[in-house]
Amino acid sequence: MKLSNLILKAIFFTALVSTFLGFIINTIFEYNNFQKEKEHIKKEFIKQKKSEVKREVNKAFNYILYHESMIKSEVKRKLRNRVYDAYSIAYKIFNDNKNKKTEKEIKYLIVAALKNISYEHGAYFFINSNKGRAVLFDKNSFLDTYKDVWNLQDIKGNYIIKRQSNIAQVQAEGFINNYFKKPNQSNDKQYAKISFIKLFEPYDWHIGMGEYIDEITVDSKNEILEYISSLRFGKDGYIFVNSMDKKALVFDGRKLSPPKDYPNDILFQKQTDTVKNKDGDFFFYKFKKLNTIKEYPKLAFVKKYDNWGWIIGAGVYIDEIDNELAKKESQITNVIISQTITILIIFFIILIIIFFVSKKITSYIESNILNLLQLFKASSYSLEEIDVSKFTFKEFKTIAKSLNRTLRLRNKAEKKVNDLMDIINKNVNISTTDTKGKIIDVNDSFCKLSGFSKKELLGKSHNIVRHPDTPKEIYKQMWESLSNGIKWDGELKNIKKNGDTYWVYITIHPNYQNEKLVGYTAIRQDITDKKRVEYLSITDELTQTYNRRYFNTKIEEEINRAKRNDYYLGFLMLDIDYFKFYNDTYGHQAGDIALEKIATILKSHTSRASDFAFRLGGEEFGILFSYKDEEESLNYANLIRSEIEGLKIEHKTSAVTPFITASFGLVVRKGEDIQSVHMIYKLADEALYNAKAGGRNKVFVSN
């Protein structure tokens, strides 16, 4: 048999069998991989959706919990401020007219000024003498008639006026709880009410105002439901709220007013069964999407808010996974078809080439093949093109030219790879360390960002760029993960060689050789601009202290950290004494300057990583900090108080000193003794109130 025929048949048979086997093996491999990936995708999708929906429900649940806890505190704050305003009006009328008009005329002016002032829910001011005579009662003036209300009792038997007078005479001001009928109602039914009383010294009166608890709670519930109905997440996600008496409060992403009967008995029964788990739970069901009537499979998480008997829940549609899997299956099918066509084309081309080559084979074919192999081997190492002139046959020259094209493409590809590596080197921050954390390699981008040269970095640890404000706990967590062979990623605050601060998002991977850990590779992304934006979102624009929004987040974190590490957490709430009088006297611009100066003192005393200063609102500030015990915390608070007074900012309308001062409420608790954010805030607020009641410009420590 001729060598050309033998080669032709051998190549043809080998190509045919190899192509067919390769196609079959590849198809089976692709199909098996797809089946495994399909199950994995389903599990991961459901897991991710569960995490997403649970997170959204817990956010809404925590919002309700927090909002409810703040209702009475907010009402007390409003009542105190309003009564302070009324006191200021009355005192100004008294001062302006005491040498011009008679006492009776001044009293008429005061009553007339306060009589028609009202607020939401019909809240109004009242005035009684501390001997039991009504002055401004139920929005009516009794200056011309004598109305004795000394023995006025509510439905619980409480002597309302006696208690109010006692608070005014003993404490000068304070809160009282009682029952009273609502204005303009036709019956005598009484409702729970909270009032704030303040002594008006010139006439031995007390001025006050109250709010009905039921109206406040109803408004708060409506406000919360309005907010929850506006929440959206994902593509079609929203929160729903139902009551345990089968009323839909927020349904289909809308607040229902009035609430309606829940339309699906079976689905509602699922919800009530599921919320028997106090931590909430998941269930599957079918439901229509927003603005559609067709039902789709859905996963829901529900949780019961016991105080109000609400079911809080949210669902996510899980039909997306079927669409994704269908797309994936279609892609696999297209790949297999494409591969089949490609293989057939290649096979056909090879068959044609073999046919022509076999016609031109001569006695030199072996030497040409050997020559081709030698030249190709040499070219593979040197990456130089094959000399076509060394071949006798056109077919071999054609093969040589094809190989040369391949070499050119390879060289071009290598150049692209080198170019890409150069881009990565210049733009992606990469460093490699040994197992002890010593830097053994860095790229140009890392050097450019940090300001250090490669020579300065090699052999050093990453402590060279570590910012001193970064908590040690972060690095402890990092090394715990890496020591267990687990990658670690997170945000780190670093410092450049010139002292500038920058932020990176870093991912660190353990490096293994022969299953042995040999070091770590860290890839960083510069997120300094992002962190600047985050800083602006949590910072009070005027004082540059942290804002109330950040306080709500940070106090939760600090409480958890105090519990975890079992140390003392201090919360200091301070309020500038008579600051409204200051603004009225000196103007709001001067008030802003005073706030900035006081904020500077607070920031100077919260430079540690564990200390935070916040502007909670208006002239009210808060500080989260930690010292070893209550005595050190009290000294810390008194130092800040004395430095504020030491600013010597003139305040001639203050009843404390001729300068601006502040009153402080201090709470110091060990981690294990802290029950909730509400507890800490409430104790600090009460302590602040006691500091004011005790004469102001002092620190009162909560027991």
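Counting begins at 1 with the first residue of the sequence.
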How about [X] and [Y]: do any of their side-chain heavy atoms sit closer than 4.5 Å?
X      : Y      : result
Ile508 : Thr521 : no
Thr606 : Phe612 : no
Tyr227 : Leu231 : yes
Lys255 : Asn222 : yes
Thr470 : Tyr475 : yes
Leu225 : Val241 : yes
Ile623 : Asp611 : no
Asp575 : Phe664 : no

Do [X] side-chain atoms and [Y] backbone N/O form a donor-acceptor pair below 3.5 Å?
X      : Y      : value
Asn277 : Asp281 : no
Asp434 : Lys436 : yes
Asn62  : Asn58  : yes
Asn443 : Val428 : yes
Thr528 : Trp503 : yes
Asn498 : Asp500 : yes
Asp566 : Ala562 : no

More than 12 heavy atoms from other groups under 6.0 Å of NZ on Lys531:
yes

Mark yes when over 12 heavy atoms from residues, nucleotides or ligands other than Arg466 sit less than 6.0 Å from its CZ; otherwise mark no.
yes

Please report the C-alpha distance between Tyr636 and Phe625 in whole Å, then the side-chain angles of each, then the deciding distance to 0.1 Å, and finally whether the ring-ring contact (aromatic ring centres under 6.0 Å, His included) criterion is met.
CA-CA 10 Å; Tyr636 173 70; Phe625 64 96; 4.6 Å; yes

Please tell me whether Ser431 and Arg524 have a donor and an acceptor in their side chains that are separated by less than 3.5 angstrom.
yes

Taking atom types as modelled, is there a side-chain donor on Gln271 or Thr274 under 3.5 Å from an acceptor on the other?
no

As a test of understanding, state which of Lys49, Arg55, Lys54 forms a side chain to side chain contact (heavy atoms under 4.5 Å, CB included) with Phe301.
Lys54

Going by the side chain to side chain contact (heavy atoms under 4.5 Å, CB included) test, name the single residue among Ile576, Leu688, Leu574 that passes it with Glu620.
Leu688

Cation-pi geometry met for [X] and [Y] (6.0 Å, 45°):
X      : Y      : value
Lys303 : Phe61  : yes
Arg615 : Tyr550 : no
Lys298 : Tyr285 : no
Lys50  : Phe282 : yes

Could you give me the CA-CA distance, side-chain angles and deciding distance for Val699 and Leu634, then say whether side chain to side chain contact (heavy atoms under 4.5 Å, CB included) is met?
CA-CA 8 Å; Val699 179; Leu634 179 59; 3.7 Å; yes

Would you call the rings of [X] and [Y] parallel, tilted or perpendicular, where under 30° means parallel and over 60° means perpendicular?
X      : Y      : answer
Phe551 : Phe614 : perpendicular
Phe446 : His462 : perpendicular
Trp308 : Tyr305 : perpendicular

Minimal heavy-atom distance between Thr507 and Lys487, with the atoms involved, is CG2-CD, 4.2 Å

Yes or no on side chain to side chain contact (heavy atoms under 4.5 Å, CB included) for Ile318 and Phe284, after CA distance, side-chain angles and deciding distance?
CA-CA 10 Å; Ile318 55 176; Phe284 292 91; 3.9 Å; yes

Going through the distances and angles, do Tyr520 and Trp479 end up as a ring-ring contact (aromatic ring centres under 6.0 Å, His included)?
CA-CA 11 Å; Tyr520 308 95; Trp479 281 108; 5.6 Å; yes

Test side chain to side chain contact (heavy atoms under 4.5 Å, CB included) on Ile228 and Phe240; report intermediate values, then the result.
CA-CA 8 Å; Ile228 289 176; Phe240 60 81; over 6 Å; no

